[in-house]
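Data first, discussion second: the structure below is written as structure tokens.
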Amino acid sequence: MNTFHLSGYPRVGAKRELKFAVEAFWKGNKTEQELREVAADIRKKNWATQIAAGADLLPVGDFSFYDHVLDTLCALGAIPARFGFDAAHLTLPQYFELARGNATQVAMEMTKWFDTNYHYIVPEWHQNTTFKANSQNLIAQIKEAQALGHDIKPTLLGPITLLWLGKEKDVGHNRLELLSKLLPEYQKLLRELANAGVDWIQIDEPILAVDAEKEWLDAFAPTYKELAITGTRIILGTYFASVAEHVSLLKNLPVHGIHIDCVRAPEQLAVFTDTWPENKVLSVGLIDGRNVWRANLSEVIDTLAPISEKLGNNLWIAPSCSLLHSPQDLGVEEKLNSEIKTWLAFAAQKLVELGVIKQALAHGKDAVKDALTASDAAAADRKTSKLIHNDAVAQRLAALRPNADQRKSPFAQRIEAQLAWMNLPLLPTTTIGSFPQTQEIRQARAAFKKGELSAADYETAMKKEIAHCVDIQEKLEIDVPVHGEAERNDMVEYFGEQLDGYCFTQFGWVQSYGSRCVKPPIIFGDVTRPNAMTVAWSSYAQTLTKRPMKGMLTGPVTMMKWSFVRNDVPLSLVCKQIALALNDEVLDLEKAGIRVIQIDEPAIREAMPLKRAQWDEYLKWACESFRLTSSDAEDTTQIHTHMCYSEFNDILPAIASMDADVITIETSRSDMELLDAFVKFQYPNDIGPGVYDIHSPRVPTEAEVEHLLRKALDVIPARRLWVNPDCGLKTRAWPETIAALEVMMTVTKKLRQELDA
Ligand code: GLN
Ligand code: ZN
């Protein structure tokens, strides 16, 4: 029989039980013992689901109270010395302090896990970092799993990826040098696991899927030679992209098998099966661990059957990657459209699919006839369903005018037309869109959703917020005010709820970081906009001020990246459909007299493919989609965009090609470093580099803002420079928001006087 295994399962619980328990513990409302019981219960339920589905090897080590990278660091004693904790006896509260900071130490940094929306804790590497294996925690969980009388397979993050994911804190230090100190402790960890009865272990090295530098790849052969001597059987996990270019390295590595992701990179399957040694395990991931769609089981079985023939029991089957990135259980959804529901599979359903595949490979398709009939029917229905396919959308795309993504005139001409009516001072000021989402706003929204507040009362409540927000901006004399986004819970959900082709789950939560989860909407069909989405709010806001009110939209790439996206058409097509829906909104805003419109694209960088070789193609359709949203706007309409918290240096030409009249961008945390790149590249349009960081309630001093603004003025001509915060203000409270904006305005006015003189 082919082994059915998995490297990880969602760990927050089907109804986010872990989140609530952890947060209660932080507040002192739950004891450590109570929290540990909730955690153990989640693990037990997860394993039971896996056993019921027919999994042969249960994952251990995939559970985490906060983050699995932090757990790996703890298991290797590699926690930052600055906290002063004894790694060998780290307590749970100390563990949380590493992740969240304490009175004297800032939290360890966190960043996105490859191209997912999961955030891991970034290891801090020093020349003198030391390691000390500590398997206690892992072994305790192994014992729990073993008590179920089932075979297990712990998952560990590999040493090379672990080093690579971290940041060097000493100048001139190369973190790869730490490998020689790290390996003996990895060996020790593996030996301790072996002593606890572990036969197989999965060691994940996702670094193999990115364009890592040669020295990192060269480390593989010697590293795995060292790990091989511990005697534990190792399956090396890769995912998220192709590792085909490393096929000969992987074939010759002294491990017992590898796992490849054949959902993200189906083309690598043939490369591996053609030459894979028969005495090594090849684990093939053909069930999508990162998206919500039901698999076409007949197709998957047909693909795997000849491989199973060839490799026999050395073909293993698994989800493409850890199911951490998938919602947990479709079964608890009560409100989804029943037809759409038949097209979906969350983590629990994906396990059932793997169980079916395993049976079919062992006993033939007939043995799983019912399951295949259901799967085939769902696939056929999805191909033709009226819910998905809207001819008008295809026709509109086919009939686009030539150069449909180009504005009427080039920027130089447009900006003149804009300046002629906008009546802006030098260094115009604006904000990124949202203002504090107060308790009252959230309560009103919740009451409205529950039906406890009428639509009319909700509208009145939101209008009151908008009026308050505009009034404050008037008093601050912000040149291009916004309405404040009070009516939006989330910048993607708000639009998704009003677009056709989107649907929403009740419990489709996915861990984002720590106790935080997100519930991405599902794009299941052709996207259209039945009605205007923002016009009423923006128009109302415009009635309250003579200044140009800025309309706020979420861009097509961000709308796509922060959703689960249909997999039956190319991403580029989905993105263009959203772009056309937004194009309608832009024109409606214009008609309503809103002539400054911001189209946010904070996700444009994170939506980039992992492999550089695929960047150009992505950027071409991503930027084209952005342009399509606003290409029909009049020259006099000023289009803004906003980006934040990513590295943009290497994609500046693409950002410039988006041709927004103004870009506001996060820069303050890096002391305006990003600006150098904008200057070197000669970014052509207007720029608003953020002059203060909105992520902390701390109010910046005038000197700090002035320092940043002067730095910007050094390199950007004053007539093209805007002044604004780094990002939206929705997570802040009003007092600090007003205080910070007052500082921003005072400094701006001072520099304006200087420039005028
Ligand atoms: N307009 C959005 C806001 O201000 C932008 C958020 C973002 O960049 N992530 O909240
Ligand atoms: Zn932002």
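These numbers come from the heavy atoms of this one structure, side chains and all, not from hydrogens, waters or symmetry mates. Whatever order the structure lists ligands and atoms in, that order sets their numbers, starting from 1.
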Enumerated ligand 1 atoms positioned under 4.0 Å from heavy atoms of [X]:
| X | value |
| --- | --- |
| C644 | 8 (O) |
| M552 | 1 (N) |
| G728 | 3 (C), 4 (O), 10 (O) |
| G433 | 4 (O) |
| H642 | 8 (O) |

Test side-chain contact (heavy atoms from CB on, under 4.5 Å) on L741 and F435 and set out the steps.
CA-CA 11 Å; L741 289 172; F435 269 82; 3.7 Å; yes

Whether the [X] and [Y] side chains hold a donor-acceptor pair (N or O, under 3.5 Å, no angle test) is what I'd like checked.
| X | Y | value |
| --- | --- | --- |
| T505 | K519 | no |
| E601 | T641 | no |
| D635 | Q418 | no |
| T629 | N583 | no |
| K730 | Q437 | no |

Could you identify the single nearest non-hydrogen protein atom to [atom] and state the distance to 0.1 Å?
| atom | value |
| --- | --- |
| atom 5 (C) of ligand 1 | D600 OD2, 3.4 Å |
| atom 6 (C) of ligand 1 | M491 SD, 3.6 Å |
| atom 7 (C) of ligand 1 | C727 SG, 3.6 Å |
| atom 10 (O) of ligand 1 | S434 OG, 2.7 Å |

Look only at interatomic distance and state if E485 has a nitrogen or oxygen under 3.5 Å from any nitrogen or oxygen of ligand 1.
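Yes.
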
May I ask you to check whether I432 has an N/O atom sitting below 3.5 Å from an N/O atom of ligand 1?
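Min N/O separation from ligand 1 is below 3.5 Å for I432.
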
Between H68 and Y118, ring centroids under 6.0 Å:
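So the answer is yes for these two rings.
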
Mutual orientation of the aromatic rings belonging to Y66 and W26 [parallel < 30°, tilted 30-60°, perpendicular > 60°]
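If you compare the ring of Y66 with that of W26, the planes turn out tilted.
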
Report, rounded to 10°, the angle at the Zn ion (ligand 2) between the two atoms SG (C727) and NE2 (H642).
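Angle SG(C727)-the Zn ion (ligand 2)-NE2(H642): 120°, rounded to 10°.
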
